Enquirer: 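Below: one structure in structure tokens.
Here the structure is a predicted model, which is why all the values come from computation and not from measurement.
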Amino acid sequence: MKQFIFPANYNRKEKFLGMVEYKTIIVIASWGAFLFYLLKFFGWAWIVKVYVFLIFFGIPSIFLLVGFNGENMLDVVRYLVKYSVSPKEYVYRKKERG
């Protein structure tokens, strides 16, 4: 029986299809469901609802999927909130793989 021990500095995140993190998918899906049910209460024509949905769902979804400077957008927002609550000097060191 072969045994493989993962190193302690191994921090690979699980991703859907190897590209999108699961927490990003959950945030996008919950925002889309909330926006869909919110738009049901307005008496607008369906084409107006489609445009409003595409604007308020599509643009944030693109930003969440693409990220910022190689980082997940949810992590960037988390860092900004953490800094605004207690302003300190954070040193960010990205671990090199290799």
Side-chain angles (χ1 to χ4, degrees):
M1 180 165 101
K2 291 186 178 183
Q3 187 177 19
F4 182 77
I5 300 172
F6 284 97
N9 63 353
Y10 188 78
N11 60 353
R12 185 173 170 184
K13 296 179 181 178
E14 294 292 326
K15 295 185 178 185
F16 179 71
L17 298 176
M19 299 183 325
V20 182
E21 292 183 16
Y22 285 109
K23 64 181 176 180
T24 304
I25 292 174
I26 291 170
V27 169
I28 290 173
S30 61
W31 172 244
F34 172 74
L35 191 60
F36 179 78
Y37 288 115
L38 183 69
L39 287 175
K40 287 174 68 175
F41 294 112
F42 292 101
W44 299 332
W46 67 273
I47 193 71
V48 174
K49 290 180 183 180
V50 168
Y51 285 134
V52 169
F53 184 81
L54 288 176
I55 290 171
F56 286 107
F57 177 74
I59 295 172
S61 297
I62 291 171
F63 281 119
L64 284 171
L65 290 172
V66 172
F68 178 74
N69 199 18
E71 286 291 323
N72 185 350
M73 199 63 176
L74 296 174
D75 293 336
V76 172
V77 171
R78 190 180 75 206
Y79 298 146
L80 289 173
V81 169
K82 186 186 250 186
Y83 180 76
S84 66
V85 169
S86 63
K88 298 177 185 175
E89 184 174 326
Y90 289 99
V91 178
Y92 176 71
R93 293 188 185 113
K94 193 169 190 174
K95 294 180 182 178
E96 296 291 327
R97 294 182 182 170

Enquirer: With hydrophobic residues grouped by side-chain heavy-atom distances under 4.5 Å, do Leu35 and Val48 end up in a single group?
Expert: yes

Enquirer: Under a single-linkage definition using a 4.5 Å side-chain heavy-atom cutoff for Ile, Leu, Val, Met, Phe, Trp and Tyr, are Ile26 and Ile28 assigned to the same hydrophobic cluster?
Expert: no

Enquirer: Output, in order, the C-alpha distance, side-chain angles, deciding distance and verdict of side-chain contact (heavy atoms from CB on, under 4.5 Å) for Trp44 and Val52.
Expert: CA-CA 10 Å; Trp44 299 332; Val52 169; 4.0 Å; yes

Enquirer: Assess whether atom CZ of Phe53 is packed by more than 12 heavy atoms of other residues, nucleotides or ligands within 6.0 Å.
Expert: yes

Enquirer: Quick one: do Val77 and Val66 end up in the same hydrophobic cluster if we chain Ile, Leu, Val, Met, Phe, Trp and Tyr together by side-chain heavy atoms under 4.5 Å apart?
Expert: no

Enquirer: Are any non-hydrogen side-chain atoms of Leu64 and Trp31 less than 4.5 angstrom apart?
Expert: no

Enquirer: Verify the cluster assignment for Leu74 and Val85: are they in a single hydrophobic cluster under the rule of side-chain heavy atoms below 4.5 Å apart?
Expert: no

Enquirer: Which heavy atom of Arg78 sits nearest a heavy atom of Lys23, and at what distance?
Expert: NH1-NZ, 4.3 Å

Enquirer: Side-chain heavy atoms under 4.5 angstrom apart, residues restricted to Ile, Leu, Val, Met, Phe, Trp, Tyr: same cluster for Phe57 and Ile62?
Expert: no

